[in-house]
Amino acid sequence: ISANVSHFPMPENSGCLYYYDMVDDHISIEAEPPVPSYRWEKNKEFILGEVKKAKAVFVVSNALKKLAERDVVHDNVILLTNGVHYDKHQNVEDAKIADVKRRYGLEDHFVVSYIGNIDEWARLDFSLESFLLFNSRCTKSKMLIVGPVNHPVKHERFVDLSPIVFTGP
């Protein structure tokens, strides 16, 4: 669930196991930018309503855990440490990684990537425009797009730009 109030709430008694993933502070007034108070109150009301329905609240930091225990008042707040033990999860050989870098011209570049199905809702055009602005300042960067682009007409103007690499599915 996102803290965005335009999302549909989970129905009461849905019969589903429901966990709330709290990845940011969208409820304490000091965390919010200066916005109209009605928007902040609506956001907070939505989040607290969703949290009450949840079996547990997942958080990614000790600070969010304290916030959830203090302001969200849920008795089952679970800290999921943010990060990964890379050595335990590495399942691709270094030679294969080097081959991908070589094949797509990514060696010695900072790489921004998107991996997944790309439909219209993904706003890939916005991401590509943003990346080109970034690339104008950081020329040793490339964007790697992995996955099918289901709306290619909107993205044709980006296909032949050298800092953007489309691999396809």
Side-chain angles (χ1 to χ4, degrees), residues 1-92 96-97 100 110-131 133-134 141-152 154-155 158 164-169:
I1 272 285
S2 168
N4 186 332
V5 294
S6 66
H7 284 269
F8 295 98
M10 175 64 83
E12 293 282 346
N13 303 317
S14 68
C16 298
L17 283 177
Y18 183 46
Y19 297 91
Y20 189 89
D21 186 10
M22 185 176 179
V23 296
D24 207 345
D25 177 5
H26 292 287
I27 58 169
S28 63
I29 191 76
E30 62 271 8
E32 292 296 311
V35 295
S37 62
Y38 70 88
R39 193 173 342 150
W40 177 81
E41 287 294 335
K42 186 176 179 184
N43 206 26
K44 182 176 180 177
E45 181 181 316
F46 175 81
I47 293 168
L48 293 177
E50 291 305 293
V51 165
K52 285 179 186 172
K53 296 180 240 176
K55 181 176 175 94
V57 176
F58 296 142
V59 295
V60 296
S61 72
N62 286 317
L64 284 174
K65 187 173 194 302
K66 287 179 188 172
L67 173 82
E69 291 169 341
R70 184 192 76 211
D71 293 350
V72 176
V73 191
H74 198 287
D75 60 352
N76 194 12
V77 178
I78 300 168
L79 175 64
L80 303 173
T81 53
N82 197 3
V84 65
H85 296 286
Y86 189 73
D87 55 333
K88 292 181 181 178
H89 297 284
Q90 174 68 11
N91 61 1
V92 180
K96 288 183 180 180
I97 295 170
V100 168
F110 175 79
V111 178
V112 175
S113 63
Y114 179 92
I115 301 171
N117 290 324
I118 303 162
D119 287 303
E120 187 172 14
W121 57 264
R123 294 286 323 268
L124 183 60
D125 54 336
F126 176 77
S127 297
L128 295 171
E129 293 283 356
S130 299
F131 172 74
L133 180 61
F134 172 78
S141 63
K142 292 209 175 187
M143 185 167 194
L144 180 68
I145 310 291
V146 179
V149 179
N150 297 324
H151 296 280
K154 292 184 178 184
H155 311 299
F158 299 104
I164 300 175
V165 179
F166 290 87
T167 68

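Heavy-atom basis, side chains included; hydrogens, waters and symmetry copies ignored.
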Measure across Thr167 and Val146 and return the closest heavy-atom pair with its distance rounded to 0.1 Å.
OG1-CA, 3.3 Å

Looking at OG of Ser113 and NZ of Lys142, how far apart are the two atoms once the value is rounded to the nearest 0.5 Å?
14.5 Å

Contacts of type side-chain hydrogen bond (donor to acceptor under 3.5 Å, both in side chains), residue Lys65, not counting sequence neighbours:
Glu69

Which residues pass the ring pair (Phe, Tyr, Trp, His ring centres under 6.0 Å) test with Phe58, not counting sequence neighbours?
Tyr19

side-chain contact (heavy atoms from CB on, under 4.5 Å) filter on Phe134, not counting sequence neighbours, yields Phe110, Phe131, Cys138, Ser141

Report yes if the side chains of Met143 and Ile145 come closer than 4.5 Å at any heavy-atom pair, otherwise no.
yes

Using the side chain to side chain contact (heavy atoms under 4.5 Å, CB included) rule, pick out the option among Leu64, Val59, Leu67 that qualifies with Val77.
Val59

